[in-house]
Amino acid sequence: GAVVSQHPSRVICKSGTSVKIECRSLDFQATTMFWYRQFPKQSLMLMATSNEGSKATYEQGVEKDKFLINHASLTLSTLTVTSAHPEDSSFYICSPRGNINEQFFGPGTRLTVL
Amino acid sequence: QKEVEQNSGPLSVPEGAIASLNCTYSDRGSQSFFWYRQYSGKSPELIMFIYSNGDKEDGRFTAQLNKASQYVSLLIRDSQPSDSATYLCAVNQAGTALIFGKGTTLSVSS
């Protein structure tokens, strides 16, 4: 399978601060990047889809001005949680996809907002 | 709203038994069906995928798909304690994101 990294793996921040999560596909080119989040005991919920060089498409109920997604290259995408609040505490997982219909998953980032 | 339904469990089976996990989906246009395993605090890892009606076997795992009934299942033979995890069913159409069910927690007792 593909090698996907996410950084940081765990972050704790104060309410009102912004947090940037990086996702890198290390051995393939990710033409599409999906971002999911997972609350405790819940499933992975798709937040947004981005194609390299294009603006992200957000799912209903996900604020595009709060969750900023950048997919400037085929190997790097970032998710910035702006003005984070405790309800944003979750497990964020990136999922890059190459030219075939297979999604890979990053190891996830555990965000805790105090 | 596209939905994927799973019984949350927990499903408890003794070591060596067969574990049967079930999933239904609402979108008749779904083309690809996946089973992932997720350990607590970790990202999902792919176990199997199936595209066509019928059975697909891979080692101790068998995926079964019935598109007419919009039903997909996963059988785990000779269950081991290390199989204890949450199993996520996911579906998609070509080119779209995977839609996940809430997962079924499996507990295999030794």
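Numbers restart at 1 for each chain; the letters A, B, ... are given by sequence-line order, proteins then strands.
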Asker: Is it true that, when you exclude B/Met48 itself, more than 12 heavy atoms of the residues, nucleotides or ligands shown sit nearer than 6.0 Å to its CE?
Answerer: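 Yes, CE of B/Met48 has more than 12 neighbouring heavy atoms, counting only those of other groups under 6.0 Å.
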
Asker: Is it the case that more than 12 heavy atoms not belonging to B/Lys56 sit under 6.0 Å from its NZ atom?
Answerer: yes

Asker: Out of B/Ser43, B/Pro44, B/Ser8, return the one with the most heavy atom pairs under 4.5 angstrom to chain A.
Answerer: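 Looking at each option in turn, the highest pair count goes to B/Ser43.
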
Asker: Given that the side chain runs from C-beta out, which part of B/Leu88 has a heavy atom under 4.5 Å from chain A: side chain, backbone, both or neither?
Answerer: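 Side chain of B/Leu88 only, per the 4.5 Å heavy-atom cut-off to chain A.
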
Asker: With a 4.0 Å cut-off on N to O distance, would you call A/Lys20 and A/Glu22 a salt bridge?
Answerer: no

Asker: Run the salt bridge (Lys or Arg N to Asp or Glu O under 4.0 Å) test against B/Asp78 and tell me which residues pass, sequence neighbours left out.
Answerer: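 For B/Asp78 there are no salt bridge (Lys or Arg N to Asp or Glu O under 4.0 Å) partners, ignoring immediate neighbours.
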
Asker: Establish, from distance only, whether the side-chain atoms of A/Gln103 and B/Tyr36 form a donor-acceptor pair under 3.5 Å.
Answerer: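 Looking only at side-chain atoms, B/Tyr36 and A/Gln103 do not form any donor-acceptor pair under 3.5 Å.
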
Asker: Side chain, backbone, both or neither: which part of A/Phe34 has an atom under 4.5 Å from a heavy atom of chain B?
Answerer: side chain

Asker: Less than 4.5 Å to any heavy atom of chain B: does that hold for the side chain of A/Leu44, its backbone, both, or neither?
Answerer: both

Asker: State yes or no: are the ring centers of A/Phe39 and A/Phe91 separated by less than 6.0 Å?
Answerer: no

Asker: Could you look at A/Gln38 and say if it's the side chain, the backbone, both or neither that has a heavy atom under 4.5 Å from chain B?
Answerer: side chain

Asker: Can a salt bridge be assigned to the pair B/Glu57 and B/Arg77 using a cut-off of 4.0 Å between side-chain N and carboxylate O?
Answerer: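 Answer for the salt bridge query: yes.
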
Asker: Taking atom types as modelled, is there a side-chain donor on A/Asn70 or A/Thr78 under 3.5 Å from an acceptor on the other?
Answerer: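 Note: A/Asn70 and A/Thr78 side chains miss the donor-acceptor criterion.
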
Asker: With no hydrogens and no angle check, do the side chains of A/His71 and A/Ser77 hold a donor and an acceptor under 3.5 Å apart?
Answerer: no

Asker: Please look at B/Gln38 and chain A and tell me whether the side chain, the backbone, both or neither of the residue comes under 4.5 angstrom of a heavy atom of that chain.
Answerer: side chain

Asker: What parts of residues 99-110 of chain B touch chain A if we use heavy atoms and a cut-off under 4.5 Å?
Answerer: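 Hits under 4.5 Å: B/Phe100, B/Gly101, B/Lys102.
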
